[in-house]
Amino acid sequence: MRWKLIYPSWRKLEGQTPFHLPPHAPVVVAAEVPDDIELEFADDNVDTLSLGGHSETTDQPDLVALSIMLTAQLPRAFEIAEYYRGKGVPVLAGGIATMLHWEELSRHVDSVFLGEVEGRLAQVSRDLKHGAIAPVYDYLTDFPAIDSVGSARRDILNRKRYVYRGVPMVDLVHASRGCRFNCFPCCTPFLGGRQFRPRPIKKVVEEVQSIDNNRLFFVDNSFAQDAAWQEELFKALVPLKRKWVCHPIENNDHLLELAYEAGCWYVYQAIFDTSDVIRERVRNYQKHGIAVEGTIILGTDNHDEDYIRRLVDFLLEIGVDLAEFTILTPFPHSPIREQFEREGRILSNDWAEYTCDRVVFQPKLISPRKLQDLYYYAWETFYASADQNLKMAELLRKTIDREIHDGTYQPSALTSGRRHPRSAPASDQ
Ligand code: SF4
């Protein structure tokens, strides 16, 4: 039996450097595909997915599984599903955006898979062998035991596709799931429950050791959820000498020192106001050698033109190393969506526009057009003195210095000899 796992493409954020990271969800799913199934993977962002091209007759898997992370992937997911269903191939959809849009998706696919995948694909395989997959596999609130999460199968990735200007991209990995916070624009509490679920450190270490890349991105929602666990994790990472990026770390001198020692390179830190709390937080990361990429959402109800211009000045003043601006986007199942629906402020439900660089709601203090213009203003002003590539190159240079210092630098940044036991020889597609 042959399954084809597809990661649909979407339009990237306008203003952002156009690189592609190796996706995380498909490699996590691949690790759970039963051993007797031959698995093919296509990342529609970097691989050529020909729908109806020369491969039409040979491209006949027993199942197509769509891994859909973002709302903006939906339009392409619908196209892909229509094509394969037209050929009689059953299509199953899973992933974060499937959970957010399952009712709409179920009109386009044969089956929706809701929830986390560990231990659940054998049932799908059995159903398929017996003639039909179920219309819904609902595990949304039934989380698998966190210690059942094993190492992802990165051998399905075509590594040569994930290189930008000669630099291999970081590999994505996770050390925990869930989030105990409930921020207003975020669907994560709906998706992962409000409970922080750290993986056993031993399993994280095993997975990191298996990754054929010295540079990683811990995609955990936030490390800043359990101080004792952070300490244990960072201590365990020190000997591995990897360099990594992550979301926030607790603002605690001891933990930040340890995080740097463990290889922390830079953090994504939400910057939502111009307060001394933010100024101090950024300063403290940088004092410990950790760079900061500010993530800034524009268009909240207290944002007028003056506020947004002041926010951009503030980022330059406090010296964040990089900034990523997005426009507030009311994704389904987020607290902000509920508010805007109540207030009749949703302007568009065209999911192709839900890329976080388009205004799809009525802002409170300015017009949609003004907010869109201020979004462009923010990117241009922040990167006026040095463009994004130069600022990123500067961060990379600092990391290369550290790698040279601790003896882990490799010009290609790819190490060798660590492969997943089920991996096939690397090939260029
Ligand atoms: S924005 Fe981050 S910290 Fe806040 S709820 Fe979402 S994942 Fe948690």
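Values below: every heavy atom of this structure, side chains too, minus hydrogens, waters and symmetry copies. Atoms within each ligand, like the ligands themselves, are counted from 1 in listed order.
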With the threshold set at 4.0 Å, does a side-chain nitrogen-carboxylate oxygen contact exist between [X] and [Y]?
X: E394; Y: R397; value: yes
X: D373; Y: K370; value: no
X: D171; Y: R159; value: yes

inquiry  = Any N/O/S atom, side chain or main chain, of C179 closer to atom 4 (Fe) of ligand 1 than 2.8 Å?
reply    = no
query = Can R120 be said to sit on top of F113's aromatic six-ring, NZ or CZ under 6.0 Å from centre and within 45° of the ring axis?
reply =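 So R120 doesn't make the cation-pi contact.
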ask   = Between W351 and F78, does a ring-ring contact (aromatic ring centres under 6.0 Å, His included) hold up when you go through it step by step?
value = CA-CA 11 Å; W351 305 130; F78 296 157; 9.2 Å; no
[atom] - nearest protein heavy atom and its distance:
atom: atom 7 (S) of ligand 1; answer: N221 CB, 3.5 Å
atom: atom 5 (S) of ligand 1; answer: C183 N, 3.4 Å
atom: atom 6 (Fe) of ligand 1; answer: C186 SG, 2.3 Å

task = Check each atom of ligand 1 against the heavy atoms of F181 and keep those under 4.0 Å away; list them by number with element.
result = 3 (S), 5 (S)
